[in-house]
Amino acid sequence: MIFRAYRVELLTAAQRATGSPDLAEEIVQDVFLSIWNGRDQWHVTSSLRAYLLRSVHNAAHRVRRSRTRGASSGIELETAEHAIPERFAAPDADPSALAERAELGAALDAARAAMPPRARDVFTLRHERDLSARQIADELGLSVKTVESHMSRAFQVLRRVLAPWKEQG
């Protein structure tokens, strides 16, 4: 119901931000998928329309930022959310690349599991629900500085657990 009510407006906003109808469609789908995946913890405390438009705006910003970085490093984009090397993203990727992608997914799951609980909560709200530090602080009843501290801890764990993947390049 929410998707049908806001889809056209969100597509228009995403296309205006990216200049691409295909990318706009992907961004809107990713925003709604993120909401669906986090539906158990999803609570909108302000305007639903404003929340959705902000989510699309933030996703489009990440795409522009990823494209800027990806253009210089040769990375192909699979989705609006994630820059994934082409060898993982290709539908006909060889089995070893698919196995490597599965291993990376398992490593990401292990990194999340290794995070302190509050850091994991903050990380999830930021990267799955695309909330700002202020929104996370409001939702969890924390200060923005505390949210930033928890994000820092989450990134420390990610760097430590995913270090072998960085070395593989």
Side-chain angles (χ1 to χ4, degrees), residues 1-86 88-89 101 104-105 108-109 111-112 115 118-159 162 166:
M1 202 165 73
I2 294 170
F3 179 79
R4 279 182 285 213
Y6 291 98
R7 180 180 180 272
V8 173
E9 183 177 11
L10 297 175
L11 281 171
T12 302
Q15 187 170 346
R16 203 173 323 122
T18 64
S20 166
D22 293 334
L23 195 52
E25 183 76 37
E26 191 171 337
I27 287 170
V28 171
Q29 287 176 3
D30 284 350
V31 165
F32 278 101
L33 180 62
S34 177
I35 290 168
W36 178 256
N37 288 337
R39 66 189 177 277
D40 294 337
Q41 299 87 24
W42 191 58
H43 302 286
V44 177
T45 57
S46 61
S47 159
L48 176 59
R49 179 180 176 273
Y51 174 89
L52 293 170
L53 286 169
R54 174 53 57 189
S55 295
V56 166
H57 169 80
N58 291 344
H61 177 72
R62 280 194 311 278
V63 167
R64 285 192 306 270
R65 195 174 59 222
S66 294
R67 281 186 153 186
T68 302
R69 279 187 264 149
S72 63
S73 65
I75 293 174
E76 296 292 324
L77 294 182
E78 180 186 36
T79 68
E81 293 273 322
H82 308 284
I84 298 175
E86 187 175 346
F88 293 151
R101 183 176 179 176
L104 178 57
L108 286 168
D109 290 344
R112 274 198 171 170
M115 290 177 190
R118 186 58 92 177
R120 183 174 43 247
D121 293 344
V122 168
F123 182 83
T124 299
L125 290 171
R126 175 67 189 110
H127 292 284
E128 288 183 9
R129 292 193 30 215
D130 197 31
L131 298 182
S132 69
R134 165 80 346 224
Q135 291 169 317
I136 295 168
D138 291 345
E139 186 157 321
L140 297 178
L142 303 171
S143 73
V144 172
K145 288 289 184 188
T146 302
V147 168
E148 291 169 354
S149 175
H150 286 301
M151 273 307 296
S152 178
R153 286 187 193 107
F155 282 125
Q156 287 172 353
V157 171
L158 281 172
R159 278 190 293 274
L162 299 178
K166 185 177 178 184

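To the nearest 0.5 angstrom, Leu23 atom CG is 4.5 Å from Thr18 atom OG1. Note that the OG1 atom of Thr124 and the CD atom of Gln41 stand 7.5 Å from one another [nearest 0.5 Å]. Here the CG atom belonging to Asn58 is positioned 11.0 Å from the CD1 atom belonging to Ile27, to the nearest 0.5 angstrom. Atom CZ of Arg126 and atom CZ of Phe155 lie 8.0 Å apart (nearest 0.5 Å). Here the straight-line distance linking atom CE of Met151 with atom CD1 of Ile136 works out to 7.0 Å at 0.5 Å rounding. Atom OG of residue Ser47 and atom CG of residue Leu52 lie 8.0 Å apart, to the nearest 0.5 angstrom.
Counting all heavy atoms, side chain and backbone alike, Ala137 lies closest to Val144 at CB-N, 3.9 Å.
Geometrically, Arg39 does not engage Trp42 in a cation-pi contact defined by less than 6.0 Å to the ring centre and at most 45° from the axis.
Using modelled atom types and a 3.5 Å distance limit, the side chains of Ser149 and Ser152 yield no donor-acceptor pair. With no hydrogens or angles considered, no side-chain donor-acceptor pair links Gln135 and Glu139 at under 3.5 Å.
Judged by distance alone, with hydrogens and angles left aside, the side-chain atoms of Thr12 form a donor-acceptor pair with the main-chain N or O of Val8 at under 3.5 Å.
Every side chain to side chain donor-acceptor pair (under 3.5 Å) that Arg134 has, sequence neighbours left out, goes to Asp138. Among residues two or more places apart in sequence or in another chain, the salt bridge (charged side-chain N to carboxylate O under 4.0 Å, His left out) test is passed with Arg49 by Glu9. Applying the salt bridge (charged side-chain N to carboxylate O under 4.0 Å, His left out) rule to Arg120 yields no partners; only residues at least two apart in sequence or on another chain are considered.
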Checklist line | Derivation of the side chain to side chain contact (heavy atoms under 4.5 Å, CB included) call for Ile2 and Phe32 | finding: CA-CA 9 Å; Ile2 294 170; Phe32 278 101; 3.7 Å; yes
Item checked: Derivation of the side chain to side chain contact (heavy atoms under 4.5 Å, CB included) call for Leu10 and Val31 -> CA-CA 10 Å; Leu10 297 175; Val31 165; 5.6 Å; no
Next item on the list: Might you work through the side chain to side chain contact (heavy atoms under 4.5 Å, CB included) test for Asp22 and Glu25, ending with a clear yes or no?
Entry: CA-CA 5 Å; Asp22 293 334; Glu25 183 76 37; 5.8 Å; no
Note to self: Between Leu140 and Leu125, is the side chain to side chain contact (heavy atoms under 4.5 Å, CB included) condition met? List the steps.
What the structure shows: CA-CA 10 Å; Leu140 297 178; Leu125 290 171; 3.8 Å; yes
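With contacts defined as side-chain heavy-atom distances shorter than 4.5 Å, the pair Asp121/Arg118 qualifies. In this structure, the side chains of Tyr51 and Ser55 come closer than 4.5 Å at one or more pairs of heavy atoms. Within the 4.5 Å cutoff, side-chain heavy atoms of Leu158 are placed close to those of Met115.
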